[in-house]
Amino acid sequence: MPHPLVPPILHWFDAHRRDLPWRAADRTPWSVLVSEVMLQQTPVVRVLPVWRAWQERWPGPAELAGAGHDEVLRAWGRLGYPRRALRLHDCALTVVERHGGVLPADEAGLRSLPGIGEYTAAAVVAFAHGRRSVVLDTNVRRVLARALDGAALPTAHLTAGERTRAAAVVPPDDASAARWNAAVMELGALVCTARAPACTSCPVADRCAWLAEGRPPDALAQRRRRQGWHGTDRQARGAVMALLREAVGGGTVEAAAVEAACPDADQRERVLAGLLADHLVERNGDGLRLPRGPHLQGARTAAPTPPAAAPR
DNA sequence: AACGCGTGGCT
DNA sequence: TAGCCAAGCGT
């Protein structure tokens with residue numbers, strides 16, 4: 001006996017699922033992974049063109065492993081959180097070096113790779129391999145919070161109890177479980193949205209605790225506080241990275257231009273230290289540029305290793 | 001465990 | 001209009 005939410009949401013999904021390219025028949029586990037990493041905290045419409053170009057250029061981990069950090073960061077463009085791009089590259093190197101070029105298919109193996117956490121590992125298992133997992137992203141959490149708890153929004157942090165309950169809803173067999181994960185996510189993305197849910201179009205409106213209670217507002221709304229944006233280090237990091245991505249000929253941006261992009265000296269020092277530590281930039285004389293090569297140790301290709309004590 | 005990490009569209 | 005929000009992860 002499936003959970004009462006399952007049959008109507010699966011049926012709804014059959015009629016309303018989007019034809020996203022990473023769901024197409026020619027998808028690979030790697031292409032699914034790339035989509036999941038790009039989609040972390042990033043809207044689908046923004047990911048689409050970048051994912052397509054990325055797939056054409058680096059269809060698998062072996063191709064990506066051969067790319068330089070500067071190429072990868074430019075291809076990432078304005079998706080945001082550029083550390084994700086480096087982690088994906090790092091992930092490709094690890095797959096090539098330690099897994100024979102084949103992405104692990106189990107959650108533990110996936111989670112051991114850089115940039116792959118609980119959600120992404122579960123998503124690859126379900127969406128790339130069609131096997132059972134418990135996908136718990138913000139969409140799924142919101143649907144379950146509303147339908148089962150009568151809460152407007154999920155809590156700030158995922159709890160063990162929430163995982164257990166979500167697992168109890170996932171059907172036992174692989175095929176249905178994989179479909180359920182995609183379906184409930186899709187419902188959260190298209191109908192049971194955070195801002196303006198379309199309850200009149202919802203397949204489980206007749207069994208939703210939140211709707212039954214008259215859609216009460218989020219009780220925890222005041223507790224959620226967002227970090228500001230204007231003038232923050234985060235904004236300054238973004239400005240410096242945009243400057244370097246757009247540097248003509250992949251060249252170096254002179255110190256004066258960096259100062260113009262981030263005028264406050266203390267902030268500039270903090271931001272540059274952070275970017276250097278994250279391997280998102282490297283110094284070139286007095287200027288700055290995107291890092292040229294993979295920073296990890298070990299030979300991935302036949303490229304010769306530079307001599308050991310190379311002076312800077 | 002709470003925090004830092006990009007970007008741009010929407011209301 | 002200025003928050004709010006979008007398929008999280010690592011530390």
Side-chain angles (χ1 to χ4, degrees), chain A residues 17-18 20-23 31-51 73 76-88 90-91 110-128 133-143 152-160 181-190 192-197 217-218 220-246 261-262 267 270-271 273-275 277-281:
Chain A
R17 61 177 297 169
R18 290 169 291 179
L20 299 170
W22 44 85
R23 290 174 173 170
S31 72
V32 171
L33 172 65
V34 172
S35 78
E36 292 301 340
V37 173
M38 289 183 175
L39 286 162
Q40 289 166 6
Q41 304 282 281
T42 309
V44 167
V45 289
R46 201 172 307 165
V47 168
L48 280 168
V50 179
W51 183 89
L73 289 169
W76 195 259
R78 296 181 298 188
L79 281 185
Y81 296 133
R83 293 187 295 187
R84 289 183 295 168
L86 295 189
R87 290 197 192 111
L88 189 56
D90 197 353
C91 179
L110 287 163
R111 286 213 51 173
S112 72
L113 296 168
I116 304 184
E118 177 177 347
Y119 161 76
T120 303
V124 169
V125 166
F127 307 148
S133 66
V134 180
V135 171
L136 259 184
D137 76 324
T138 187
N139 288 306
V140 179
R141 295 188 66 216
R142 186 173 55 249
V143 171
L153 293 172
T155 57
H157 298 292
L158 183 59
T159 64
N181 283 325
V184 66
M185 265 184 77
E186 193 81 334
L187 186 71
L190 299 182
C192 192
T193 59
R195 200 76 68 91
D218 180 18
L220 305 173
Q222 307 135 354
R223 268 196 333 112
R224 303 169 201 278
R225 192 165 300 162
R226 300 221 146 235
Q227 182 186 39
W229 174 251
H230 191 71
T232 58
D233 286 4
R234 200 165 168 178
Q235 182 193 34
R237 274 173 68 105
V240 171
M241 289 303 294
L243 197 61
L244 297 189
R245 277 198 309 270
E246 292 149 19
C262 183
Q267 181 173 63
R270 273 197 313 275
V271 161
L275 290 172
D278 288 341
H279 301 282
L280 287 167
V281 308

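- Set against dC9(C), dG6(B), dA7(C), the side chain of Arg46(A) has dG6(B) as its closest nucleotide.
- Between Gln40(A) and Tyr119(A), the side chains place no donor N or O within less than 3.5 Å of an acceptor N or O (distance only, hydrogens not considered).
- Closest approach to the Pro82(A) side chain among dC5(C), dG6(B), dT7(B) is made by dG6(B) (side chain taken as heavy atoms from C-beta onward).
- Which of dG8(C), dC5(B), dA7(C) sits closest to the side chain of Arg237(A) comes down to dC5(B).
- On a pure distance criterion of 3.5 Å, no polar donor-acceptor pair joins the side chain of Arg84(A) and the base of dA7(C).
- Between the side chains of Thr155(A) and Arg141(A), at least one donor N or O lies within less than 3.5 Å of an accepting N or O.
- Nearest to the side-chain atoms of Arg142(A) among the listed nucleotides dG8(B), dC5(B), dA6(C) stands dA6(C).
- Residue order along DNA chain C, read from the 5' end via each residue's closest nucleotide, puts Leu39(A) first among Leu39(A) and Ile116(A).
- Judged by distance alone with a 3.5 Å cut-off, no donor-acceptor contact links the side chain of Thr138(A) to the base of dG8(C).
- Here the side chain of Tyr81(A) is nearest to one of dG8(C), dA7(C), dT7(B), namely dG8(C).
- With rounding to whole Å, Met38(A) atom CE is found 15 Å from dT7(B) atom C1'.
- Among the nucleotides dG6(B), dA7(C), dT7(B), the one closest to any side-chain atom of Tyr119(A) is dA7(C).
- Checking dA7(C), dG8(C), dG10(C) against the side-chain heavy atoms of Arg87(A) singles out dG10(C) as nearest.
- The phosphate of dA2(B) has OP1 or OP2 within less than 4.0 Å of a side-chain N or O from His157(A).
- Rounded to an integer number of Å, the gap from Gln40(A) CD to dG4(B) C1' is 15 Å.
- Judged by distance alone with a 3.5 Å cut-off, a donor-acceptor contact links the side chain of Arg234(A) to the base of dG6(B).
- Judged by closest nucleotide on DNA chain C, Pro43(A) is the one of Gly117(A) and Pro43(A) placed further toward the 5' end.
- Nucleic acid contact for Arg83(A): base, since at least one base atom lies under 4.0 Å from a heavy atom of the residue.
- Looking at heavy atoms from C-beta onward, Met241(A) lies out of side-chain contact with Trp76(A) at the 4.5 angstrom threshold.
- Other residues, nucleotides and ligands place no more than 12 heavy atoms under 6.0 Å from the CZ atom of Arg78(A).
- Among dC9(C), dG6(B), dC5(C), the nucleotide with an atom closest to any side-chain atom of Ala194(A) is dC5(C).
- Between the side chain of Arg195(A) and the base of dT11(B) there is no donor-acceptor pair of N/O atoms closer than 3.5 Å.
- Distances shorter than 4.0 Å separate some side-chain N or O of Thr120(A) from OP1 or OP2 on dC9(C).
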